[in-house]
Amino acid sequence: IEGHVADLSHMAEVGELADTVAAAHPKIDVLINNAGIYRTSDDVTAEGMDVRFAVNTIAPYLLTKRLLPVMGAGARILNLSSAAQAPVDLSALAGGRRMEASQAYAQSKLALTMWSRDLADKLGAKGPSVIAINPGSLLATKMVKEGYGIAGHDIGIGVGVLARAALDDAFAEVSGRYFDNDAGRFANPHPDGMNAARCRAVVEAIENVLARQAG
């Protein structure tokens, strides 16, 4: 077991993390983008982004893109989505509009699901599988305890589905799909997540944010 630390609300640190991991591991079989944030005392990053979009959507996109060169066709990218999904305000994603926590969270998770589908379509059979997963609603995480004031359901529910998605043959040929662990099956996300043009628009907005911050 190895540990690497980065603040995923700062894209420069995300890039440095990717470089460090890729240098240490010339082959990666599974990438699980699990980090997420809901409520926080400071919801705006140093770059002026809503922290939910930064951590839940843009950071995993950047990390994934930077690690793709060390991930082969048999690798798997698992993106933790949520049952909470709402149409994405591209202006809010880009940092141009503020919104309350639940709205930003739901939009950030749909945006993650949408770029997952777009990347899967782009990679096709030659790249890793990209799968968005709702690990289960209101699990006993720190985020749920702080955000909703409840203990939450057994966190093993989420751990179990991620282990299956990383290893089981049932998840081998499903790139671009969305798995809803509340229902225990592959399902459709929010309708926007099935719309190729809207998914592409979300990706373009993310790319514009990253280009602006890099410049």
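The model shown is predicted, which means the values in this text are computed figures rather than measured ones.
Checking side-chain atoms of Asp118 against main-chain N and O of Met114 turns up no donor-acceptor pair under 3.5 Å. For the pair Glu13 (side chain) and Asp7 (backbone), a donor-acceptor distance under 3.5 Å is present. Proximity of a side-chain donor or acceptor of Asp168 to a complementary backbone N or O of Ala170 within less than 3.5 Å is not detected. Using modelled atom types, no side-chain atom of Asn181 and backbone atom of Gly184 make a donor-acceptor pair closer than 3.5 Å. Arg52 contributes a side-chain N or O that, together with a main-chain N or O of Tyr38, makes up a donor-acceptor pair within less than 3.5 Å.
Partners of Glu173 according to the side-chain hydrogen bond (donor to acceptor under 3.5 Å, both in side chains) rule, which considers only residues two or more places apart in sequence or in another chain, do not exist here. Partners of Ala187 according to the side chain to side chain contact (heavy atoms under 4.5 Å, CB included) rule, which considers only residues two or more places apart in sequence or in another chain, are Asp180, Arg185.
With values rounded to the nearest 0.5 angstrom, Asp50 atom CG is found 8.0 Å from Ser108 atom OG. Here the CD1-OG distance, from Ile37 to Ser9, works out to 7.5 Å after rounding to the nearest 0.5 Å. Atoms NZ and OG, on Lys122 and Ser175 in that order, are 13.0 Å from each other to the nearest 0.5 Å. Separation of atoms CZ (Phe53) and CD1 (Ile206) is listed at 9.5 Å; rounding is to 0.5 Å. From Met49, atom CE reaches atom CD1 of Ile58 across 3.5 Å, with rounding to the nearest 0.5 Å. Taken to the nearest 0.5 Å, the CD atom of Gln107 stands 9.5 Å off from the NE2 atom of His190.
Residues Gln85 and Tyr178 have side chains that bring a donor and an acceptor to within less than 3.5 angstrom of each other. Side-chain contact annotation: Ser81 with Thr113, donor-acceptor N/O pair under 3.5 Å present. Remark: the Asp42 side chain and the Thr40 side chain contain no N/O donor-acceptor pair separated by less than 3.5 Å.
Nearest heavy atoms, Asn79 versus Trp115: ND2-CH2, 3.2 Å. Taking all atoms of both residues into account, the shortest heavy-atom contact from Arg39 to Ala101 is NH1-CB, 3.8 Å. Of all the heavy atoms in Met11 and Ala54, the pair that sits closest is CE-O, 3.6 Å. Residues Met99 and Ala92 come closest through the heavy atom pair CE-CB, 3.4 Å. Taking all atoms of both residues into account, the shortest heavy-atom contact from Val130 to Ser116 is CG1-O, 3.6 Å. Nearest heavy-atom pair across Gly36 and Asn56 is CA-OD1, 3.2 Å.
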For Lys27 and Asp29, run side-chain contact (heavy atoms from CB on, under 4.5 Å): C-alpha distance rounded to whole Å, both residues' side-chain angles, the deciding distance at 0.1 Å, then the answer. CA-CA 7 Å; Lys27 180 185 177 186; Asp29 298 303; 3.2 Å; yes
Walk me through it: do Val21 and Glu2 pass the test side-chain contact (heavy atoms from CB on, under 4.5 Å)? CA-CA 10 Å; Val21 171; Glu2 249 176 52; over 6 Å; no
side-chain contact (heavy atoms from CB on, under 4.5 Å), that's the test. Do Met71 and Leu31 meet it? Break it down for me. CA-CA 9 Å; Met71 302 187 76; Leu31 171 62; 3.9 Å; yes
Test log, rule side-chain contact (heavy atoms from CB on, under 4.5 Å), inputs Leu17 and Val5: CA-CA 7 Å; Leu17 173 64; Val5 178; over 6 Å; no
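A 4.5 Å side-chain heavy-atom check between Asn33 and Tyr61 finds every atom pair outside the cut-off. Looking at Val202 and Leu110, their side chains never come closer than 4.5 Å, going by heavy atoms from C-beta outward. With a 4.5 Å cut-off on side-chain heavy atoms, Leu112 and Pro60 count as touching.
Other residues sharing the hydrophobic cluster of Ile1, ordered by chain and number and joined by side-chain separations under 4.5 Å: none, the residue standing alone. Hydrophobic clustering, defined by side-chain heavy atoms of Ile, Leu, Val, Met, Phe, Trp and Tyr closer than 4.5 Å, groups Val30 together with Ile32, Leu78, Leu80, Ile131, Ile133, Val161, Leu162, Phe171, Val174, Phe179, Phe186.
Ion pairing of Asp89 with Arg97 is present here, as a side-chain N (NZ or NE/NH1/NH2) and a carboxylate O approach within less than 4.0 Å.
Among residues at least two apart or in separate chains, there is no salt bridge (Lys or Arg N to Asp or Glu O under 4.0 Å) pair with a member in residues 103-116. Pairs engaging residues 63-83 under the salt bridge (Lys or Arg N to Asp or Glu O under 4.0 Å) rule: Asp19-Arg66, Lys65-Glu207 [sequence neighbours left out].
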